[in-house]
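Each ligand, and each atom within it, is numbered from 1 in the order the structure gives.
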Amino acid sequence: MSIVNDGKVAKILKVLGLALVYFLAAKWGLTLAFVQANATAVWPPTGIALAVLLIGGARLWPGIFLGAFLANLFTAGNVLTSMGIAAGNSLEALVGFALVSRFAKGPEALRRTQDVLKFGLLGGLAAPLVSATIGVGTLALAGMTAPHQFKDVWITWWLGDMGGALVFAPPILLWNREQWRPGKLKPFQVLEGLGFALTTGFVAWVLFGGWSFLSIHNYPVHFLLIPPLLWGAVRFGSFSVSVVLLFLSVVSILGTLSGLGPFHASTENESLVLLQSYMGVISLALLAMSAGVEEQKRAEEDLRWSHSDLQRRVLERTEDLTRSNIELERQIREKGELARGLQESNEKFHLLSEATREGVVLSVSRVIVQANSTFCRIFGYDLKEVLGMEADRFVTPEFRETVKRHITDRHEKTYTAKGLRKDGTVIDLEITGKNIQMEGITARVTAIRDVTERNRQEKERLQLALLVETSADFICTAGVDGHMQYVNGAGRRLVGLSLEENITSKLHQDFIAPQDIPRLMDEVIGSLLSKDHWEGEFNLRHFQTGAMIPMHFTAALIRDPDTNEPLVMAAIGRDTTELMKIDELSRSNKELEQFAYVASHDLQEPLRMVASFTQLLARKYKGNLDAEADTYVHQIVDGVKRMQDLIFDLLAYSRVGSDKQPFGAVDCAEVLRQALSNMGDSLKENGVKVAQGSLPKVSGDHDQLVQLFQNLISNAVKFKGSRPPEIEVGSYRKDGDWVFSVKDNGIGIDPKYFDQIFEIFKRLHTRSEYPGTGIGLAICKKVVTRHGGHIWVESQPGKGSSFFWTMPVVKGGES
Ligand code: ADP
């Protein structure tokens, strides 16, 4: 079945239901019809019909029609009259419905006083005019009522309908609206309700019960109905009032019909008309009143509600505020604690970090947030500058990645890096970092040590140890108890001990030649203890061969700097075997020099004699001897001459060492002039050009320097090439030395002879090619060496030679 059909069936059922109820109510009403069978003073259907249409809608009107039709049909008249009356009843309900819906808020009509009054006026008074008029008209047309009865029938009809509308519609409308909920009642309300019901019942009994003289005597005491109704209106609301009115209405009808109560009139119809009018009016008044009371209650309720709502909202808001206040306080407290915590941890950081000699920094995401004073001192920054700097700025660029990696990977191992101070200096660092959790943040604490000095000392110690270990000298230490502690490599080799040999079991005397052991005890140890120092000759003993090794020793007693108790004896000894040889050599050298000098000096005189007498012989006997004898004489003269030259040069050579003058300020320009002038005409004869550059003043032996220049220039002339000699003399400064040069354009020298030519008697040519003794450059070298310099040559055969030598620069020596 479709929904539409569902709706239709429900409607039909509703219509039929309404028809049935209408029919029954109408039948009951019509039992009370006294003036005419179809016209009654009690007509509940009007109220039922109006209420049902207002609640269920106008479309239910066929139920009214059907109910009315059937009720009338089974009461009196025919189908036509019944239809006419039913049409009047239906129209009455529709008109009432339309008017009340339009002007009195429809089913809500009984909620407000003004609507109650409009309901009474339109639904109670106006609409029944339609039914009464049509109904009475129908009856008149059908001839079912006499014309003189028209008025009475019409009034009965109208008032009956009015009573029905005002007494029977309200309970239905209000029932629908009230949503009766007994569960809401309090015990006191139940008691009061009971009291109210009893009172009402009592009043009904008093007025219409027939047991009271009041009801029997028909006194006009209908006002007694008002108090209980007022009670109901004030205390129990419209619905209760409407129910009580219905009850009283029924009771009063039954009572009145029995001749009881205040409404007893001359006829039953009159009595009922009066009663219905009274009940209709009182119903309207009390419903209006109770609506007013309810309105007021509602207003009060609304007010109370809005008041309590306001209160509730204020309370809620207050709660909110309290909550947020508590939260705020908590936050403030937390912040305070946090701030205090931070300050405390700051203070702790400073306290702790200042107590260490290491630089300590706290960084978050590689940015420094705290640093101690040592850190600032290590890097030469102020604390203000340090804060906010990135951690890797404190190392040299090549270590920045290392630092970042350690921080990122949370390495905790100590590592080294080169630190960069503010002033740009580089220092050695040892860094240890550790990640910690602070207030939910990962921070890194880094301890930094400046190990530059430690490294330097270590390096120094290492170098020292290396120096000691690799020294050619015998170096050892021994405890004050005489046990050896250390002997260096050279020392072990010297006495025939391997490097692996454990020497700590040996005593110092084990190293000493037996004959020197008493001296060790008396002389050496005695001197060490009294003067902390001893120096002298001493013989060591070779462990394998037992051979004596002569040594020169310097020994010292090293004391503890704090307690001054002797700690250790240290000795450095030099094998004097070689020294003794060198000494011997230089001594014999000296003797040789002495001999050469004496010999050359002393040989000069006899040689001069031999020379002069041979020359005399040659001159005097020239031509008297045979040619062979002349040749011999000539050769003797030549040999003597050569010997003279040799002796002269040799003497000059040995004089460099023996005839030396103390150094004085020497102007090299003047020295050159002197040398050139000494050479006399030979320069002119050979067409020599001398170019002179700037020459400085030096500290030296004037005569020897003249000889140096003269030897070099005369060689430049002697070893000239095919072109006339051109000689350049000059100097330039290099570092702390003057570099002098004598350059020529002569025959040049093969580089392989560069070293040889400075040796005594070393010549590259025969005497027949170039005269000479081979001593000139040896003298030059000796002079230069004596003046603290060195001499060398640069040359190529055929391209001239350049002789260079150095001499130390002296203050004010610039040329
Ligand atoms: P001497 O000049 O008496 O030979 P020197 O000691 O002065 O002895 O020189 C040694 C040798 O060096 C010379 O014999 C010569 O061969 C070479 N020598 C020296 N000076 C020059 C020069 N200016 N040019 C070429 N060779 C030279």
Identify, for atom 23 (N) of ligand 1, the protein heavy atom at the shortest distance, and state residue, atom and that distance.
D744 OD2, 3.0 Å
So which protein heavy atom does atom 12 (O) of ligand 1 come closest to, and at what separation?
I757 CG2, 3.5 Å
For a quick test of your reading: what N or O donor-acceptor pairs under 3.5 Å do the side chains of residues 787-798 make, sequence neighbours left out?
from: H787; atom 1: ND1; to: V783; atom 2: O; distance (Å): 2.9
from: H787; atom 1: NE2; to: D701; atom 2: N; distance (Å): 2.7
from: H790; atom 1: ND1; to: T806; atom 2: OG1; distance (Å): 3.4
from: W792; atom 1: NE1; to: E794; atom 2: OE2; distance (Å): 3.3
from: S795; atom 1: OG; to: I749; atom 2: N; distance (Å): 2.7
from: S795; atom 1: OG; to: G800; atom 2: O; distance (Å): 3.0
from: S795; atom 1: OG; to: S801; atom 2: OG; distance (Å): 3.2

Tell me which protein heavy atom sits closest to atom 21 (C) of ligand 1, plus the residue, atom name and distance to 0.1 Å.
F719 CD1, 3.2 Å
Side chain, backbone, both or neither: which part of I775 has a heavy atom under 4.0 Å from ligand 1?
backbone
What is the closest protein heavy atom to atom 8 (O) of ligand 1, and at what distance does it sit?
G774 CA, 3.2 Å
Between D645 and T773, is any side-chain donor less than 3.5 angstrom from a side-chain acceptor?
no
For ligand 1, which atoms, with element, lie under 4.0 Å from some heavy atom of I747?
25 (C)
Considering only heavy atoms, which of V793, I749, I760, D645 lies nearest to atom 26 (N) of ligand 1?
I749
With a cut-off of under 6.0 Å to the ring centre and 45° to the axis, is K782 in cation-pi contact with Y653?
yes
Out of all atoms in ligand 1, which are within 4.0 Å of some heavy atom of H765? Include the element for each.
15 (C), 16 (O)
Criterion ring-ring contact (aromatic ring centres under 6.0 Å, His included) against W805, the qualifying member of F709, F758, W738:
F709
With heavy-atom distances below 4.0 Å as the criterion, list the atoms of ligand 1 near L764.
14 (O), 16 (O)
Those atoms of ligand 1 less than 4.0 Å from some heavy atom in G772
3 (O)
Checking contacts here: is it the side chain or the backbone of L712 that comes within 4.0 Å of ligand 1, counting heavy atoms only? Could be both or neither.
neither
Any donor-acceptor N/O pair, R574 side chain to A472 backbone, under 3.5 Å:
no
protein heavy-atom neighbour closest to atom 11 (C) of ligand 1 works out as K762 O, 4.0 Å
Verify the neighbour count for atom NE2 of H634: are there more than 12 heavy atoms of other residues, nucleotides or ligands below 6.0 Å?
no
Option with minimal heavy-atom separation from atom 4 (O) of ligand 1, where the choices are R763, K743, E769, K781
R763
Close approach, S801 and ligand 1, non-hydrogen under 4.0 angstrom:
yes
Which residue and atom name correspond to the protein heavy atom nearest atom 19 (C) of ligand 1, and how close is it?
N715 ND2, 3.3 Å
I'd like to know if the side chain of R519 reaches the main chain of V524, judged simply by a donor and an acceptor atom lying under 3.5 Å from each other, with no hydrogens or angles considered.
no
Report the nearest protein non-hydrogen atom to atom 5 (P) of ligand 1: residue, atom name, distance rounded to 0.1 Å.
L777 N, 3.7 Å
Shortest non-hydrogen separation from T504 to H483 and the atoms involved:
O-CD2, 3.2 Å
For K718, which part has a heavy atom under 4.0 Å from ligand 1: side chain, backbone, both, or neither?
side chain
Ring centres under 6.0 angstrom apart (F740, F803):
no
So, the side chain of R421 versus the backbone of I378: is there a donor-acceptor pair under 3.5 Å, distance only?
yes
Pairing residues for R559 by the side chain to side chain contact (heavy atoms under 4.5 Å, CB included) criterion, not counting sequence neighbours:
D532, L557, N564, P566
Contacting atoms of ligand 1, where contact means under 4.0 angstrom from a heavy atom of T773:
3 (O)
